[in-house]
2 protein chains.
Amino acid sequence: MKPPAHEETTTELSLNQATTRPYPLIATAEAAMRAGIRHIGLWIEPVEEIGIARTQRLLADTGLSVSSVCRAGFLADKDGAELRAAIDSVKRALDLSHAVGSPMLTLIAGGLPARDRSIRHAEQRLRTALEELEPHARQAGVRLALEPLHPLFVDGRSIVTTIAQALRVIKDLPADTVGILIDAYATYWDSNFHDDILDAGPRIAGYQVSDFALPLPGPENMNGRLFPGDGSIDLASLTSSVRRAGYTGPVEVEIFNDDIWSLPLETIIERTVASFNRYLTEPVNAMERQLV
Amino acid sequence: MKPPAHEETTTELSLNQATTRPYPLIATAEAAMRAGIRHIGLWIEPVEEIGIARTQRLLADTGLSVSSVCRAGFLADKDGAELRAAIDSVKRALDLSHAVGSPMLTLIAGGLPARDRSIRHAEQRLRTALEELEPHARQAGVRLALEPLHPLFVDGRSIVTTIAQALRVIKDLPADTVGILIDAYATYWDSNFHDDILDAGPRIAGYQVSDFALPLPGPENMNGRLFPGDGSIDLASLTSSVRRAGYTGPVEVEIFNDDIWSLPLETIIERTVASFNRYLTEPVNAMERQLV
């Protein structure tokens, strides 16, 4: 059912469900199929809402392959019983990911607890948790994909804020079960992006795009992501490096934006496809920007 | 008149003028003196407003030493005539800094121009400009202090977002004329902060503090800085590393915040002193947080 994601030669769009967050999974998948989209990034809660069996039928009916399941983790800030519960939750998410045919599970590090504001200590807690999770990932046949988030969110969401740091945290863990997820919005500001992405190479488990502009809206400045091309990120250049590093899978458009969420489902998908075709399809983009 | 800033043994507060931005320089300096503050970080515009001679008299009358002049630069996005004008402007700011007895001038890199979104290209333009400025800094006896800004502002304000990157940009330029300014708000999220600050060592020309919390207010998310202790930054730990790296000068409190700016001048200064004494005076802080 699922095409071999890592043997594709063209840049294929995957619709991350966050982009159409207000709409149910079934409606989203059917609208995506009608728009010619072949891949979807699922979120755990909507899958749980309709159940695994219904999700599997939906994927079979629409022909969509799952590029990722989002998201589990939030481990770095926890210890004791709270950490055990969080690890168990990641294991369940790995099982869910396997059941829906996802090659990977997005893992968010977790933030800094008030009791210990050391990022390096938090890295150690995260590393220990990843070592415990790795055998479960192997058994599930699902890759754990650690995602650096934007430095804005270091306190509450992710102590991992750069590609180099993510690679340091997962160093020497098996590459087939532990990788990283590159989100352009979270990492485009990094002066080492292009070098570090080449270092990441086969560790790249997935790649997500959206666009950045100030000001970021409240609350918590989370939902200011834009359609590709509507902000300042040089997606052509970032994507070219991700490709050069060896990543051949689909590219997820993952947008958090209240204004976009207020649009009709079909409009969101239409604009997603249009912006992707304009800014993520490399030859067009490269010509437009005279990068080749 | 000015005490030897780099031979102090206790942590001394400097009031950066941004913290009391709505108030005139003369009123600010006199209120600072009355509050027992010994150092001030000046901004160029208010100094120009009253003139160099009046500023010199004010400093003599209040006994305040100047810890920094803020700010010049915005070079990385420019070329041609625009770049020439920006370099000339930095030279004038160096002369002004000399005239008011500042040991350094804060240099902001500048953002990414639409015509070329490569951060490495922007670093090269910045480096070339710094090489041209270095002799003028030497002649003026004022250090250029490159300040990494928060990654939020990479597009419009500063392509330099980490300590390591700032050190790379100024590498091999004379350390006595080109250094870096560490701002806790801008860099606390960096997992390499404590390592990189030790690498910086004698390159540290200044150190500014404030505190961080989400959400950041509009417009442009610039003015959400808080008094030390009101946010999530572990200022005790960062400051301890800055000290361990060898920096012995005053610590500037630099806050951008519309709510704080709406307070009476004396209230802002009172709260600045109180939060500084509580969170930046190392022994108290270390005991409180059991770091020693």
Side-chain angles (χ1 to χ4, degrees), chain A residues 76 109 111-123 148-162 164-166 168-169 186-195 211-224 231-238 289-291, chain B residues 109 111-123 148-162 164-166 168-169 185-195 211-224 231-238 289-291:
Chain A
L112 284 172
R115 69 176 187 284
D116 180 359
R117 307 294 298 166
S118 160
I119 295 173
R120 291 303 177 110
H121 293 173
E123 283 183 10
L149 296 194
H150 195 284
L152 262 186
F153 306 113
V154 67
D155 297 312
R157 291 173 182 275
S158 175
I159 56 132
V160 176
T161 51
T162 67
Q165 184 190 9
R168 183 174 71 220
V169 169
T187 54
Y188 85 99
W189 57 269
D190 188 341
S191 65
N192 294 326
F193 182 95
H194 297 280
D195 293 331
D211 219 330
F212 182 96
L214 293 183
L216 305 180
E220 295 207 349
N221 310 120
M222 279 293 290
N223 301 334
S232 56
I233 305 179
D234 186 355
L235 289 169
S237 164
L238 300 190
R289 301 202 183 207
Q290 304 186 314
L291 284 173
Chain B
L112 284 172
R115 69 177 186 283
D116 180 359
R117 307 293 300 166
S118 160
I119 295 173
R120 291 303 177 110
H121 292 172
E123 284 183 12
L149 296 194
H150 195 284
L152 261 185
F153 306 114
V154 67
D155 297 312
R157 291 175 182 273
S158 175
I159 58 132
V160 175
T161 51
T162 68
Q165 185 191 8
R168 182 175 71 221
V169 169
Y185 183 97
T187 53
Y188 85 100
W189 57 269
D190 188 339
S191 65
N192 294 327
F193 181 96
H194 297 280
D195 293 332
D211 218 332
F212 182 97
L214 293 183
L216 305 180
E220 294 205 349
N221 309 121
M222 278 293 291
N223 301 335
S232 55
I233 304 179
D234 187 355
L235 288 169
S237 164
L238 300 191
R289 302 202 180 204
Q290 304 186 315
L291 285 174

Participant: Do the side chain of A:Asn221 and the main chain of B:Pro215 share a donor and acceptor less than 3.5 angstrom apart?
Facilitator: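 Here the side-chain-to-backbone pair does not exist.
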Participant: Given heavy-atom pairs under 4.5 angstrom as the criterion, report whether the side chain, backbone, both or neither of B:His194 touches chain A.
Facilitator: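 No part of B:His194 comes within 4.5 Å of chain A.
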Participant: Is there side-chain contact between A:Leu214 and B:Asp155, with at least one heavy-atom pair below 4.5 Å?
Facilitator: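 No, side chains not in contact.
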Participant: Any heavy-atom pair between the side chains of B:Leu216 and A:Leu216 that's under 4.5 Å?
Facilitator: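 A:Leu216 does not reach B:Leu216 side chain to side chain.
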Participant: If you count heavy-atom pairs under 4.5 Å between each of A:Ile159, A:Thr161, A:Ile119 and chain B, which one has the most?
Facilitator: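 Looking at each of A:Ile159, A:Thr161, A:Ile119 in turn, A:Ile119 comes out on top.
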Participant: For B:Ser191, is it the side chain, the backbone, both or neither that has a heavy atom under 4.5 Å from a heavy atom of chain A?
Facilitator: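 Contact with chain A involves both backbone and side-chain atoms of B:Ser191.
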Participant: Looking at OG1 of A:Thr162 and CH2 of B:Trp189, how far apart are the two atoms once the value is rounded to the nearest 0.5 Å?
Facilitator: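 Atom-to-atom, A:Thr162:OG1 and B:Trp189:CH2 are 7.0 Å apart.
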Participant: One pair to check against side chain to side chain contact (heavy atoms under 4.5 Å, CB included): A:Gln165 and B:Asp190. What are the steps and the verdict?
Facilitator: CA-CA 9 Å; A:Gln165 184 190 9; B:Asp190 188 339; over 6 Å; no
Participant: For the side chain of B:Asp234 and the backbone of A:Arg117, is there at least one donor-acceptor N/O pair under 3.5 Å apart?
Facilitator: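 No, because the side chain of B:Asp234 does not come within donor-acceptor range (under 3.5 Å) of the backbone of A:Arg117.
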Participant: Which bit of B:Asp195 comes within less than 4.5 Å of chain A, counting heavy atoms only: side chain, backbone, both or neither?
Facilitator: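 For B:Asp195, side-chain heavy atoms alone lie under 4.5 Å from chain A.
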Participant: For the CG atom of B:Asn192 and the CZ atom of A:Arg168, what is their distance to the nearest 0.5 Å?
Facilitator: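 Separation between the atoms: 5.0 Å.
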Participant: Measure the shortest side-chain to side-chain distance between A:Val154 and B:Tyr188 over non-hydrogen atoms and say whether it is less than 4.5 angstrom.
Facilitator: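 Result yes, sub-4.5 Å side-chain heavy-atom pair found.
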